[in-house]
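Just so we're clear, the structure is a prediction, and the values are computed from it rather than from any experiment.
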Amino acid sequence: MPWLTPDAHAQAVEAAREIVLRRLDRSAAPRAALADLLERKAVDPRIAEEVLDRLEAVGVIDDAAYAARLARTRFAEKGAARRAIAEELRRKGLEESDVAAALDQIDSEDENEAALALARKKLISTRHLPWEVRRRRTAAMLGRKGYSRETTLRAIEDALDEERPPR
């Protein structure tokens, strides 16, 4: 690069690489977040691109793996629906192909089962409240987690049916 001497260029690349690797030591991050970090640290955009390209080429930065891991974690630990996970992945700057591949791990049946489990848990914790309040709070919780209206209503009805004593 004509704007820097070879030594200055190597030093700039090494400094940018260190910034990225220090950040990745704490936790995985998508390329877009690392690019933002380098921009905030006033790293020349050409140096940033070079460093990120190199780290991506050797597999240190892997947006597809990051998206897949985040989707599994959000679904398993927080019960987030595919829609909410997709929004989070997009906010993190991931490409649509990585988002779609990550969401392929979660099918409709998995999502329905998760919604039912969450509905059961919420309904149990609100047993002391009137029926309509329980229903509203459960629907709100599922909505915040990204479940569709249809999935939410079905999960609440199924969970309430399980609560009712057999006739």
Side-chain angles (χ1 to χ4, degrees), residues 1-122 138-155:
M1 293 184 184
W3 45 276
L4 286 177
T5 66
D7 280 348
H9 178 264
Q11 289 173 349
V13 166
E14 185 57 28
R17 188 172 122 354
E18 280 302 311
I19 292 169
V20 170
L21 293 177
R22 265 196 314 272
R23 169 58 184 82
L24 290 173
D25 273 347
R26 289 195 317 267
S27 66
R31 181 182 172 119
L34 298 170
D36 289 345
L37 171 65
L38 292 174
E39 185 178 325
R40 285 193 313 275
K41 298 281 188 180
V43 172
D44 182 283
R46 293 170 288 196
I47 298 287
E49 178 102 11
E50 180 181 337
V51 167
L52 295 173
D53 286 347
R54 283 185 190 175
L55 291 174
E56 196 169 42
V58 297
V60 173
I61 299 172
D62 186 345
D63 281 357
Y66 175 83
R69 189 170 43 256
L70 189 130
R72 281 192 307 274
T73 302
R74 292 299 188 265
F75 182 73
E77 293 177 6
K78 298 191 178 201
R82 289 179 293 193
R83 182 173 60 184
I85 295 168
E87 288 173 15
E88 181 177 359
L89 292 172
R90 288 183 190 110
R91 272 194 317 273
K92 290 181 178 287
L94 290 154
E95 304 250 337
E96 206 53 46
S97 60
D98 293 332
V99 172
L103 296 178
D104 281 346
Q105 306 173 87
I106 306 165
D107 64 22
S108 295
E109 190 57 37
D110 294 334
E111 199 169 59
N112 290 335
E113 288 174 19
L116 178 57
L118 289 166
R120 284 179 187 134
K121 185 175 177 182
K122 186 65 170 180
T138 304
M141 179 268 300
L142 289 170
R144 284 190 303 274
K145 290 192 176 284
Y147 290 94
S148 70
R149 178 175 162 74
E150 178 184 297
T151 301
T152 295
L153 294 177
R154 184 174 44 249

In this structure, CG of Leu24 is separated from CZ of Arg17 (nearest 0.5 Å) by 11.0 Å

If every non-hydrogen atom of Asp62 is compared with every non-hydrogen atom of Gly59, which pair is closest and at what distance? CB-O, 4.3 Å

For Lys78 and Lys145, the nearest pair of non-hydrogen atoms, with its separation, is O-NZ, 2.6 Å

Taking all heavy atoms of Ala16 and all of Leu38, pick out the closest pair and write down the distance. O-CD2, 3.8 Å

Where is the tightest heavy-atom contact between Ala29 and Arg23, given as atom of each residue plus distance? CB-NH2, 3.7 Å

Backbone N/O of Tyr147 and side chain of Arg83: donor-acceptor pair under 3.5 Å: yes

Is it the case that more than 12 heavy atoms not belonging to Glu95 sit under 6.0 Å from its CD atom? no

Taking the side chain as every heavy atom from C-beta outward, state whether Glu50 and His9 have any pair of such atoms under 4.5 Å apart. yes

Got a second to check how far Ile61's CD1 is from Arg31's CZ, nearest 0.5 Å? 6.5 Å

Tell me, please, which residues at least two apart from Arg144 pass salt bridge (charged side-chain N to carboxylate O under 4.0 Å, His left out). none

Looking at Arg154 and Glu150, is any side-chain nitrogen of the basic one under 4.0 Å from a carboxylate oxygen of the acidic one? yes

List the atom of Ala115, the atom of Leu142, and the distance in Å for their closest heavy-atom pair. O-CD2, 3.9 Å

Side-chain donor-acceptor distances from residues 100-108 under 3.5 Å, at least two apart:
unit_1 : atom_1 : unit_2 : atom_2 : d
Gln105 : OE1    : Arg72  : NH1    : 2.9
Gln105 : NE2    : Ala68  : O      : 3.1
Gln105 : NE2    : Ala102 : O      : 2.8
Asp107 : OD1    : Glu109 : N      : 3.2
Asp107 : OD1    : Asp110 : N      : 2.7
Ser108 : OG     : Arg82  : NH2    : 3.3

Can you tell which of Val51, Val13, Ile19, Val20 makes a side chain to side chain contact (heavy atoms under 4.5 Å, CB included) with Val43? Ile19

